[in-house]
2 protein chains.
Amino acid sequence: MSGAARPPATASRRTPGSPRRPAARSADEAYQELREAIHQGELMPNERLIEVELAARLQVSRAVVRTVLVRLGQDGLVVSTPNRGAHVRLVTEEEAVEILQARAVLEALTARQAALNATAREITAIRRILDRMTQKLEQDDLPGYSEGNADLHAAIIAAARHETAARMIAGLRAQLVRFQYRTILVPGRPAQSLGEHTAVVAAITNRDPDAAEAAMRRHLGHVESTLANTATAVRRRSGPSDGIRTA
Amino acid sequence: MSGAARPPATASRRTPGSPRRPAARSADEAYQELREAIHQGELMPNERLIEVELAARLQVSRAVVRTVLVRLGQDGLVVSTPNRGAHVRLVTEEEAVEILQARAVLEALTARQAALNATAREITAIRRILDRMTQKLEQDDLPGYSEGNADLHAAIIAAARHETAARMIAGLRAQLVRFQYRTILVPGRPAQSLGEHTAVVAAITNRDPDAAEAAMRRHLGHVESTLANTATAVRRRSGPSDGIRTA
DNA sequence: GTCTCCTAGATTATCAACAATCCTGTTGAC
DNA sequence: GTCAACAGGATTGTTGATAATCTAGGAGAC
């Protein structure tokens with residue numbers, strides 16, 4: 001029973017002459033590529049998305065650009081007004097907080113389900129990821145830590161066996177890419193983050209769903225308040241560093 | 001935003017030969033109408049949706065049918081496989097439980113936010129809805145009670161001022177229509193339901209976000225387990241009437 | 001009798017052209 | 001100098017036709 005029908009990247013046998021921006025032939029590839037472009041920041045928020053330009057860029061016809069834009073609109077990455085075209089959606093700080101709140105309760109649900117449903121093998125894998133994160137942090141390898149962070153959350157979600165929550169979390173995450181690297185830069189935040197993750201993993205290992213859910217909520221609640229603080233600090237323009245020091 | 005805007009059957013000035021299904025002119029109306037048709041059960045689960053048929057039924061061109069199907073696919077109401085068309089998605093009992101779990105944590109979030117953000121006026125309105133539900137239940141008016149139930153949840157969501165959660169809840173709800181009238185028929189369930197709602201409203205009135213969240217979770221958790229029980233009862237084929245009689 | 005291959009019909013996917021709408025810069029009046 | 005009306009260009013919305021793909025049913029071989 002398909003959760004979301006994601007036939008991944010059909011085979012494209014083309015001339016091998018396209019070097020850098022090879023473009024996507026099929027509709028689904030075009031969707032993935034445009035999504036990625038928004039993630040990477042190649043398309044700025046509020047930037048107008050003109051169908052013919054995208055058609056040229058993605059090497060597809062205008063019709064498939066149109067369906068791709070509809071899908072992205074339903075994803076919340078793009079907002080399109082009738083007769084006036086599509087813009088990439090600007091996510092305000094307030095919306096980012098909302099999205100994180102929603103993500104928090106949903107990921108807490110997956111943590112609960114993971115505590116209930118994870119196989120022994122999956123728990124081992126989760127613990128190994130946490131160990132790796134600990135090492136990265138000791139080496140002050142923040143990018144490595146961040147990557148481990150993503151892996152850990154993904155592993156927990158996979159272990160939860162909750163297609164609905166997984167799909168929604170993925171959707172929320174896609175809208176948040178512009179903010180995701182901020183909180184980790186707040187002084188003291190990584191160490192705190194590691195402690196929170198450790199609590200989540202411990203609860204899952206102990207098969208304690210309530211504790212797992214609570215620990216995950218605590219974790220993402222802290223991410224949220226950290227983000228909110230940096231946001232107001234930035235908005236207040238009272239110097240970028242005084243509001244976000246301690247943590 | 002998809003939670004609002006229900007322009008009910010706009011004026012269609014056509015030949016007066018079509019008595020029942022007047023059809024929708026614009027793309028958005030077609031979307032609403034097809035969505036409604038799936039809700040009403042006019043289109044059976046797993047039924048194949050053929051573009052030309054829908055185009056004739058909705059009185060729009062095939063292109064807009066296509067975009068409508070894409071949107072419904074992103075909503076999870078329809079699953080479409082490449083080159084093989086779209087089917088209305090069959091929601092299994094297990095999926096229904098998943099959806100209810102996700103909805104539970106999200107509505108709990110809105111209850112929390114409502115406790116924090118609701119205006120005095122909104123709280124008054126919420127209390128009034130609860131009073132009306134109490135009356136309906138005393139009169140054994142189950143449809144009326146059910147309607148009040150929907151109104152109450154909607155009022156709480158509105159008072160929460162949380163667009164993201166509101167949108168996701170609306171999406172989840174759309175997938176659940178086939179199951180929504182079941183739980184209210186379980187004996188003793190309405191009285192229990194009213195008590196749970198009363199607790200939620202009391203917590204919001206007291207501006208106690210933790211209590212509001214917990215009460216809403218308890219409420220939807222009970223709905224979930226009730227649904228799971230009736231589901232297994234139905235699946236067990238132990239008679240269709242013994243599990244859901246009295247009320 | 002059963003299986004495989006193949007043809008025909010049906011359906012989806014894509015494309016190019018046309019119509020409707022909106023945005024921009026300019027002209028003219030006051 | 002400012003504002004309103006207007007024309008030109010650009011962009012989106014829609015249509016119909018065409019190509020690619022899938023499903024169903026029958027012919028032929030073993």
Side-chain angles (χ1 to χ4, degrees), chain A residues 2 4-15 18 22-34 37-38 43-75 77-90, chain B residues 5 7 10 12-14 23-34 37-38 43-44 46-74 77-89:
Chain A
S2 71
R6 191 133 307 182
T10 57
S12 66
R13 21 62 172 141
R14 278 184 301 114
T15 62
S18 45
R25 270 292 195 256
S26 90
D28 208 67
E29 284 174 357
Y31 171 71
Q32 297 290 347
E33 179 169 341
L34 194 52
I38 294 176
L43 299 169
M44 296 297 291
N46 263 347
E47 178 173 343
R48 189 170 176 191
L49 298 175
I50 298 169
E51 296 180 358
V52 285
E53 289 181 8
L54 294 180
R57 170 176 182 156
L58 301 175
Q59 299 279 17
V60 292
S61 91
R62 244 190 73 203
V64 333
V65 168
R66 187 162 262 269
T67 72
V68 165
L69 287 179
V70 171
R71 285 177 72 180
L72 290 173
Q74 216 66 0
D75 285 345
L77 272 80
V78 155
V79 51
S80 54
T81 50
N83 287 324
R84 222 175 289 189
H87 301 249
V88 1
R89 172 150 173 234
L90 173 73
Chain B
T10 59
S12 64
R13 41 348 176 208
R14 278 184 303 115
R25 272 286 194 263
S26 89
D28 209 65
E29 285 173 356
Y31 171 73
Q32 296 291 346
E33 178 169 344
L34 193 53
I38 294 175
L43 299 169
M44 295 297 292
N46 263 348
E47 176 173 343
R48 190 170 175 191
L49 298 175
I50 298 171
E51 295 181 359
V52 285
E53 289 181 8
L54 293 179
R57 170 175 183 157
L58 302 175
Q59 298 281 15
V60 292
S61 91
R62 245 191 73 205
V64 335
V65 169
R66 184 162 265 268
T67 73
V68 165
L69 289 178
V70 170
R71 285 178 71 181
L72 290 173
Q74 251 8 40
L77 271 80
V78 156
V79 52
S80 53
T81 49
N83 288 326
R84 221 175 291 188
H87 302 250
V88 359
R89 174 152 172 233

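Just so we're on the same page: letters track the sequence lines, and every chain starts at 1.
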Notebook entry, point to check: In the 5'-to-3' direction, what one-character label does each nucleotide of nucleotides 9-14 of chain D receive under the scheme B = base within less than 4.0 Å of a protein heavy atom, S = sugar-phosphate only, - = no such atom?
Noted result: --SBBB
Working to the nearest 0.5 Å, report the span between [atom1] of [X] and [atom2] of [Y].
| X | Y | atom1 | atom2 | value |
| --- | --- | --- | --- | --- |
| R84(A) | T81(A) | CZ | OG1 | 5.5 Å |
| L54(A) | L43(A) | CG | CG | 7.0 Å |
| R89(A) | L77(A) | CZ | CG | 8.5 Å |
| E53(A) | R48(A) | CD | CZ | 9.0 Å |
| M44(A) | L90(A) | CE | CG | 9.5 Å |

Note to self: For the helix from dG1(C)-dC30(D) to dC30(C)-dG1(D), what angle separates the axis at the start from the axis at the finish, each from five pairs, in steps of 10°?
What the structure shows: 10°
Item checked: D28(A) CG - dT12(C) P separation (whole Å) ->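 About 18 Å, once rounded to whole Å.
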Kindly list each side-chain donor-acceptor pair under 3.5 angstrom involving residues 60-72 of chain B, sequence neighbours excluded, with atom names and distances?
{"from": "S61(B)", "atom 1": "OG", "to": "A63(B)", "atom 2": "N", "distance (Å)": "3.1"}
{"from": "R62(B)", "atom 1": "NE", "to": "E51(B)", "atom 2": "OE1", "distance (Å)": "2.8"}
{"from": "R62(B)", "atom 1": "NH2", "to": "E51(B)", "atom 2": "OE1", "distance (Å)": "3.0"}
{"from": "R66(B)", "atom 1": "NH2", "to": "E51(B)", "atom 2": "OE2", "distance (Å)": "3.3"}
{"from": "T67(B)", "atom 1": "OG1", "to": "V64(B)", "atom 2": "O", "distance (Å)": "2.9"}
{"from": "R71(B)", "atom 1": "NH1", "to": "D28(B)", "atom 2": "OD1", "distance (Å)": "3.2"}

Note to self: If you apply the rule side-chain contact (heavy atoms from CB on, under 4.5 Å), what do you find for V78(B) with I38(B), and how did you get there?
What the structure shows: CA-CA 9 Å; V78(B) 156; I38(B) 294 175; 4.0 Å; yes
Margin query: If you compare all heavy atoms of R57(A) against all heavy atoms of A37(A), which two are closest, and at what distance to 0.1 Å?
Written below: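 Here R57(A) and A37(A) meet closest at NH2-CB, 3.8 Å.
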